[in-house]
Amino acid sequence: METARLVQGLHEHTAGFAEAVTGADPEARVPTCPEWPLRVLVGHIGQAHRWAADVIRSGPTPVPDPFDADPGSPDGWSDWLHEGAAHLTDAVLTAAESPVWTFFGPRPAAFWLRRMLHDTTVHHADAALATGTAFEVAPDLAADAISEWLEVLSDPVAPTLKPAFSALRGTGQTLLVHPDTGSGWLVTRTPDGVRWARAADTADATLAGPVGDLLLVLTRRLPAGRITITGDRALADHWLAHTAA
């Protein structure tokens, strides 16, 4: 996906997130992040954008604790969130194609733009679910979010970041994530980890539905009943249980 589209998407979902939390109770619990009140969710987004910008500019620093973030007064949340997204965008555009630190080794700075876009998108859904506001994600962004998440899961480093990912190893079991338009994602669980490719094929288990719903089910923001699951249901359930974002 082109950098310009990633920038546009980041600002769209930062704005949508800011709108969803405007006027809401800072202490309201977020159902899909049950340990977090809304103020921590807000803090996490603004903090993460600034942290990623600092990584691009200055190199790695410890991942910050969302509970340490200070988003300020709720009436200033929107400006604070937009400011963080702008910091990240500026850092990425300044760095251009220069390699920067990531969890997976040196990558172009746009790695962090893409990672933060999709993190923001999923947390925008969290905010919308917590406040009863509308949530939409463009099909191209939802599809890229699924691809990016599979890239993370298939990297050999992934189990060191989250031990639950090691349970995704298998002996050739396959899952097909099949959107209602466009090609799908064929996932194979091998002894060495997850492998995937864009494909329309048969599989041991198939998860089918609108691409936006597939993204939110795969990240456990919507229940599995929102999509159609056929084939080996136990395999699909195991996958969902061990891949929550």
Side-chain angles (χ1 to χ4, degrees), residues 1-21 40-66 68-72 76-127 135-158 160-162 196 198 211-212 215 218-219 245:
M1 183 169 282
E2 295 293 327
T3 297
R5 180 61 177 128
L6 296 174
V7 169
Q8 181 186 37
L10 177 71
H11 288 284
E12 285 175 356
H13 282 283
T14 300
F17 182 99
E19 184 175 353
V21 301
V40 172
L41 182 65
V42 173
H44 167 64
I45 292 299
Q47 179 192 60
H49 290 173
R50 289 165 171 81
W51 175 78
D54 288 344
V55 166
I56 292 168
R57 292 189 176 109
S58 305
T61 60
V63 178
D65 184 338
D68 292 338
D70 181 10
W77 281 357
S78 182
D79 288 345
W80 186 75
L81 288 163
H82 284 287
E83 183 183 74
H87 281 318
L88 176 55
T89 297
D90 290 347
V92 170
L93 295 180
T94 299
E97 293 300 309
S98 299
V100 301
W101 177 87
T102 80
F103 298 114
F104 310 105
R107 302 281 178 87
F111 168 92
W112 285 113
L113 175 62
R114 189 180 182 215
R115 177 82 288 276
M116 289 297 110
L117 160 60
H118 298 319
D119 187 60
T120 302
T121 299
V122 172
H123 286 313
H124 175 194
D126 290 327
F135 172 81
E136 292 184 5
V137 55
D140 65 326
L141 295 182
D144 191 64
I146 292 172
S147 291
E148 194 255 0
W149 187 230
L150 290 173
E151 289 172 19
V152 169
L153 293 175
S154 63
D155 193 284
V157 174
T160 69
L161 302 176
K162 188 170 183 179
W196 69 279
R198 291 303 297 264
V211 68
L215 170 62
L218 288 169
T219 53

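Side chains are part of it too, since the values below use all heavy atoms of this structure and drop only hydrogens, waters and symmetry mates.
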Q) Of the non-hydrogen atoms in Leu141 and Gly9, which two are nearest, and what is the gap between them? A) CD1-CA, 3.9 Å
Q. Within a strict 4.5 Å, meaning less than it, do heavy atoms of the Phe17 and Asp126 side chains meet?
A. no
Q) Where do Ala95 and Ile56 come nearest, in terms of heavy atoms and distance? A) CB-CG2, 3.7 Å
(Q) If you count every heavy atom of other residues, nucleotides or ligands that lies below 6.0 Å from Glu19 atom CD, does the total exceed 12? (A) no
Q.
Using every non-hydrogen atom in the two residues, find where Glu148 and Arg115 come nearest and quote the distance to one decimal.
A. OE2-NE, 2.6 Å
(Q) To the closest 0.5 Å, what do you measure between CG (Leu6) and CG (Leu88)? (A) 10.5 Å
Q: Report yes or no: do Gln47 and Arg50 form a side-chain donor-acceptor pair below 3.5 Å?
A: no
Q: Compare every heavy atom of Leu153 with every heavy atom of Ala158, then report the nearest pair and how far apart it is.
A: CB-O, 4.0 Å
Q | Ala109 to Val100 - nearest heavy-atom pair and separation | A | CA-CG2, 3.8 Å
Q) Can you tell me if Trp80 uses its side chain to pair, donor with acceptor, with the backbone of Gly43 under 3.5 Å? A) no
Q) Distance only, no hydrogens: is a donor on one side chain within 3.5 Å (strictly under) of an acceptor on the other, for Thr102 and Trp112? A) no
Q.
Which heavy atom of Ser147 sits nearest to which heavy atom of Trp196, and what is that distance?
A. O-CZ2, 3.7 Å
(Q) If you define the side chain from C-beta out and look only at heavy atoms, does anything of Asp90 sit under 4.5 Å from Arg57? (A) yes
**Q.** Point-to-point distance, once rounded to the nearest 0.5 Å, from NE2 of His11 to CG of Leu117
**A.** 10.5 Å
**Q.** Residue pair Leu215 / His118, side-chain heavy-atom distance below 4.5 Å
**A.** no
Q. If you round to the nearest 0.5 Å, how far is CG of Leu10 from CZ of Arg5?
A. 11.5 Å
Q. Is the backbone of Val55 close enough, under 3.5 Å, to the side chain of Ser58 for a donor and an acceptor to pair up by distance?
A. no
Q) Rounded to the nearest 0.5 Å, what separation is found between the CE atom of Met116 and the NE2 atom of His123? A) 8.5 Å
Q: Compare all side-chain heavy atoms of Val63 with those of Phe103 and state whether any distance is below 4.5 angstrom.
A: yes
Q.
Using the rule side-chain hydrogen bond (donor to acceptor under 3.5 Å, both in side chains), only one of Asp119, Asp144, Thr3 pairs with Arg114; which is it?
A. Asp144
(Q) Using side-chain contact (heavy atoms from CB on, under 4.5 Å), reason through Val137 and His124 one step at a time and then give a plain yes or no. (A) CA-CA 10 Å; Val137 55; His124 175 194; over 6 Å; no
Q) Does the side chain of Thr121 reach to within under 4.5 Å of the side chain of Phe135, using non-hydrogen atoms? A) yes
Q) Will you find, in the side chains of Asp79 and His82, an N or O donor that is under 3.5 Å from an N or O acceptor? A) no
Q. Atom CG in Leu81, atom OG1 in Thr14: separation rounded to 0.5 Å?
A. 7.0 Å
